[in-house]
Every structure is written in C-alpha cells, then in structure tokens.
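Quick notes on the structure that follows.
Please read these numbers as outputs of a predicted model, since none were measured by experiment. Every number for a ligand or one of its atoms is a count from 1 in the order of the listing. All residue numbers refer to positions in the sequence shown, counting from 1.
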Amino acid sequence: MFEDVRQHRGGEVASYIPQLARADADGFAVAVCTIDGQRFSIGDTTTRYCVQSTCKPINYAIALDQLGIDTVHRHVGREPSGHSFNEITLNAKGLPHNPMINAGAIMCASLIAPDLSAADRFDTVLQTWERLAGQGSVGFDNAVFLSERDTADRNFALAYFMRENGAFPVGTDLKATLDLYFQCCSITVDAPGMATIAATFANGGVCPLSNERVFTADTTKNCLSLMASCGLYDFSGEFAFTVGLPAKSGVSGALFITIPGVCGVAIWSPRLDVLGNSVRGVEFAGRLAKTFSFDGLPETGDQIDPRHRSIEAAIDQATYFCAAAAKGDLTELRRLVARSIDVNLADYDGRTALHLAASEGHADVLRYLLPLGAAADSTDRWGNTPLDDAIRNGDEESIARLQPKMSEVGEHQKGEVSAHGSIEALAFLPTNKAA
Ligand code: GLU
C-alpha cells in the first residue's frame with residue numbers, strides 16, 4: 001500500500017509560511033503502533049514535522065481532563081461547522097462550533113492551565129505530548145512558531161470576534177492564548193511518535209509503550225467522537241462515510257488515524273489537496289479501510305482482519321470458552337458462538353466446554369451446547385467423557401442429557417470398531433467402563 005500510494009504526486013505543499021513551503025514535497029512516512037505496543041514504520045520515519053492542526057484534539061483532551069466536559073463545552077460547541085476551518089463564524093450560542101476548527105482550538109488553548117505562566121502552560125502541553133508518544137520523539141520548531149505568529153491575522157480576527165461575543169472565560173489573556181495556540185501548532189513529532197499517540201487514543205488513553213494513563217477513558221472517547229465528525233476540515237463527512245475512523249489532519253501533511261481497540265496509524269506527506277488534507281494521507285486511509293476490517297466480526301468479502309489469530313489466540317479462546325461453560329455463563333457462551341467459535345475447542349488437558357459444564361452441573365449449558373454439535377464423546381487426557389463428569393457431579397438432568405447422546409455414540413462407535421477391528425475406541429464407553 002505504501003509503495004502504491006507513494007506514486008501519487010498530486011497536490012501542493014502549504015505555502016502560507018515559508019517554513020511549511022520548504023518541506024520536502026515528496027516526503028512520505030507511514031507508521032503503526034498497536035494497542036499492545038507492536039510497531040512498524042516505513043518511509044521517512046525519522047523526519048520530524050510540525051503537528052499543526054493535529055494538536056487540536058490533544059488540546060481539547062487536555063482541557064477536558066483538567067476542567068470536565070461541562071466547563072469546556074460552556075465555551076466551545078461539539079457540532080460539525082459546515083464552514084471552512086478558519087472561517088469567522090460562531091454557532092447560535094456565540095461559541096466556536098467545535099474544538100477541531102481554528103476558533104475552537106484557540107478557545108481550548110485559552111482553557112489550558114490559564115493561571116500558570118506562559119512557559120508552564122506550554123510545558124503542560126509538551127509534557128502531555130511526550131507522555132502520549134511514550135518513547136517517541138517530540139520537539140518544537142521555533143521558526144514555525146515565529147512565522148505562524150507573524151502571519152496570523154485570521155487567527156487574531158477569530159480571537160477578537162470570540163471575545164466580542166463573550167465566548168472566552170472571564171479574564172482570558174488573548175495574546176497569551178494565541179501564543180500558546182501557535183506554539184502547539186509548532187510542536188514537532190516523527191511518524192512513529194505520532195502513531196504511538198494515535199495508539200494511546202485507540203487504547204482508551206493509556207500509552208501502549210509506557211502503560212501510563214494519559215487521558216481518562218471518557219476524555220478519550222469524547223475526543224474520538226469529535227475527530228470522527230470534524231477531523232478532516234471540509235472533508236470530514238466524506239471521510240467518515242468512506243473510511244469511518246476517527247482521524248485528524250494538519251496542513252503540514254500530518255494525519256493520524258485511531259482505530260479504537262486496535263492501533264494508531266500516522267501518515268505524513270506534505271502535498272495537500274484543495275481542502276488542506278494530505279493527498280497521500282487520505283489515499284492511504286481509504287486503502288486501509290478497504291483492505292482491513294477492524295470491527296472484530298468474522299471476515300467477509302475481501303477485507304482482512306489484521307489481528308493475528310495465532311495458536312496462542314486459539315488456546316485463549318478455548319480457555320475462555322471453557323471458563324464461561326464452567327461458570328454457567330450462557331450469555332457469554334452465546335456471544336462466543338455468535339462469533340463462530342468452535343464449540344469443541346479443548347484446553348491443554350483435552351477438556352471441552354461440555355466437560356466443564358457437566359463437572360459443575362450446568363445442565364442449561366449442556367442443553368444449549370449439545371444441539372450445536374458439542375461432542376458428547378470427547379475424552380480428556382485422562383479418558384473421561386462429559387458423562388463421567390456429570391456422574392461424578394451427580395446432577396440428574398446433566399446425566400440424563402448426556403446419556404442418550406453417549407448411547408448414540410456407542411452405536412456409531414461399535415460400527416467403527418468392527419470396521420477397523422480396534423477395541424481401543426470403546427475405552428470411553430460407559431458400558432465398557434462399567435464392565
Ligand atoms: N497553524 C495553522 C493555523 O492556525 C493550523 C493550520 C492547520 O493545520 O489546519 O492557521
């Protein structure tokens with residue numbers, strides 16, 4: 001996919017400040033970090049780029065964690081705006097539409113630790129980036145910051161417009177707020193670091209490399225909701241429709257995608273389309289969504305579930321299924337059956353769900369599993385059948401349910417015995433045992 005997408009050379013590098021105009025137009029990096037910390041990256045993976053608008057969800061999350069949802073949303077809405085990212089417009093309540101557009105991001109910057117000094121406010125943000133990125137490299141590009149500030153008429157206009165409408169908290173220092181916003185846009189990161197940040201969001205706010213909780217689960221969820229509806233400028237609705245994953249882009253060609261419960265993906269490629277999104281980033285995201293299914297449902301059509309189904313996973317499934325049977329947890333068993341689990345999975349000792357349900361006297365589980373093809377004649381490593389376990393437990397219904405099944409097996413096995421001339425197969429038959 002990386003090589004295919006690399007062929008795309010459409011789009012233009014952002015040129016509103018010289019520092020962005022000088023970016024390597026052909027630069028391209030893709031990085032992935034899973035929620036259990038597996039990492040892969042390809043391309044210009046050591047290049048650090050400025051994060052630009054990808055700082056917006058992070059500033060929003062910091063504000064949410066510090067102040068709570070009610071306070072934050074007294075100052076910023078949570079609806080897509082239907083306007084371009086820096087348009088001078090507010091919602092019906094006189095607030096910026098959402099934290100993912102410039103006005104909303106400036107508002108979120110005003111909410112971050114307003115009582116601290118400018119230096120400490122920036123440190124608060126930078127340290128959060130470092131914690132989100134685990135071992136990834138995070139830095140700051142002072143030239144970008146100075147350029148941003150020198151060419152920020154629109155952002156100043158937005159800030160004054162919001163102040164005129166009484167949108168800011170009382171006592172907000174506009175200049176300090178705008179400086180903090182420009183500084184946040186000028187934070188730099190490499191693609192592997194950004195992928196880890198995306199993975200921290202995918203992991204409910206816990207960094208998969210350090211296992212440190214950076215944001216609460218609620219903050220993470222709220223942030224992902226707004227990324228899903230507002231993360232890609234005026235392409236947000238189309239992206240939600242075609243890709244369907246929470247993501248945020250920035251004019252440096254940055255794009256990060258969060259696949260909740262699976263992984264984070266970062267793409268960097270500076271050529272932008274007319275809406276300001278990375279051409280290769282959007283193309284790669286589209287291919288990702290077409291190639292893989294992330295919903296955990298059985299694979300359908302051409303889509304692949306990228307999660308590794310190893311022997312380890314199969315053993316886990318068996319253990320899990322058997323544990324649900326041992327507890328008599330029919331709801332869980334039904335859920336696993338709906339996900340096409342093999343009802344005859346056995347653990348290391350050859351014990352199946354049927355053995356465990358019989359041992360614990362869960363006749364209702366036997367009633368559920370037997371018609372699904374759970375084998376009444378399976379033997380564990382000691383040669384015991386589920387019926388042996390039911391007899392040991394003494395639950396009459398369980399014995400009654402398993403006994404007729406075993407005599408069916410008996411008939412069938414007797415046939416086999418004569419055909420193959422072996423008496424070994426009879427070893428587990430109750431009649432044989434009794435004898
Ligand atoms: N620094 C840019 C601005 O505020 C951010 C642009 C972006 O990535 O959307 O105009």
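Those atoms of ligand 1 with a heavy atom of Tyr16 less than 4.0 angstrom away are 1 (N), 2 (C). Short contacts between ligand 1 and Asn155, defined as distances under 4.0 Å to a heavy atom of the residue, involve ligand atoms 3 (C), 4 (O), 10 (O). Taking a cut-off of under 4.0 Å to the non-hydrogen atoms of Phe85, the atoms of ligand 1 that pass are 9 (O). When each atom of ligand 1 is checked for a heavy atom of Tyr233 under 4.0 Å away, the hits are 7 (C), 8 (O), 9 (O). Here is the list of ligand 1 atoms found below 4.0 Å of a heavy atom in Ser53: 5 (C), 6 (C), 7 (C), 8 (O), 9 (O). Residue-ligand proximity, Gly250 to ligand 1, at heavy-atom distances under 4.0 Å covers atoms 8 (O). For ligand 1 and Tyr181, the ligand atoms under 4.0 Å from any heavy atom of the residue are 3 (C), 4 (O), 5 (C).
Note on ring orientation: taking the six-membered ring where Trp is involved, the planes of Phe292 and Phe294 are tilted (angle from 30° to 60°).
In this structure a side-chain-to-backbone donor-acceptor pair under 3.5 Å is present from Asn344 to Gly373. Proximity of a side-chain donor or acceptor of His362 to a complementary backbone N or O of Ala326 within less than 3.5 Å is detected. Looking at Gln66, its side chain does come within 3.5 Å of a backbone N or O of Ala113 through a donor-acceptor pair. Using modelled atom types, no side-chain atom of Arg74 and backbone atom of Pro169 make a donor-acceptor pair closer than 3.5 Å. In terms of modelled atom types and a separation under 3.5 Å, the side chain of Thr385 and the main chain of Asp377 share no donor-acceptor contact.
Of all protein heavy atoms, the one closest to atom 5 (C) of ligand 1 is Gln52 OE1, 3.2 Å. Summary of contacts: the protein heavy atom closest to atom 6 (C) of ligand 1 is Val251 CG2, 3.5 Å.
Taking any N or O of Glu148, backbone or side chain, at least one lies under 3.5 Å from an N or O belonging to ligand 1. Between Cys185 and ligand 1, no pair of N/O atoms sits closer than 3.5 Å.
Under a 4.0 angstrom heavy-atom cut-off, Asn102 registers as being in contact with ligand 1. For the pair Phe182 and ligand 1, no heavy-atom separation below 4.0 Å is found.
Within a 6.0 Å radius of CZ in Phe156, other residues, nucleotides and ligands contribute more than 12 heavy atoms. Within 6.0 Å of atom CZ in Arg48, more than 12 heavy atoms from other residues, nucleotides or ligands are found, so the atom counts as buried in its surroundings.
Every residue meeting the side-chain contact (heavy atoms from CB on, under 4.5 Å) condition with Glu397, not counting sequence neighbours, appears here in chain and number order: Ala363, Arg367, Asp395, Arg401.
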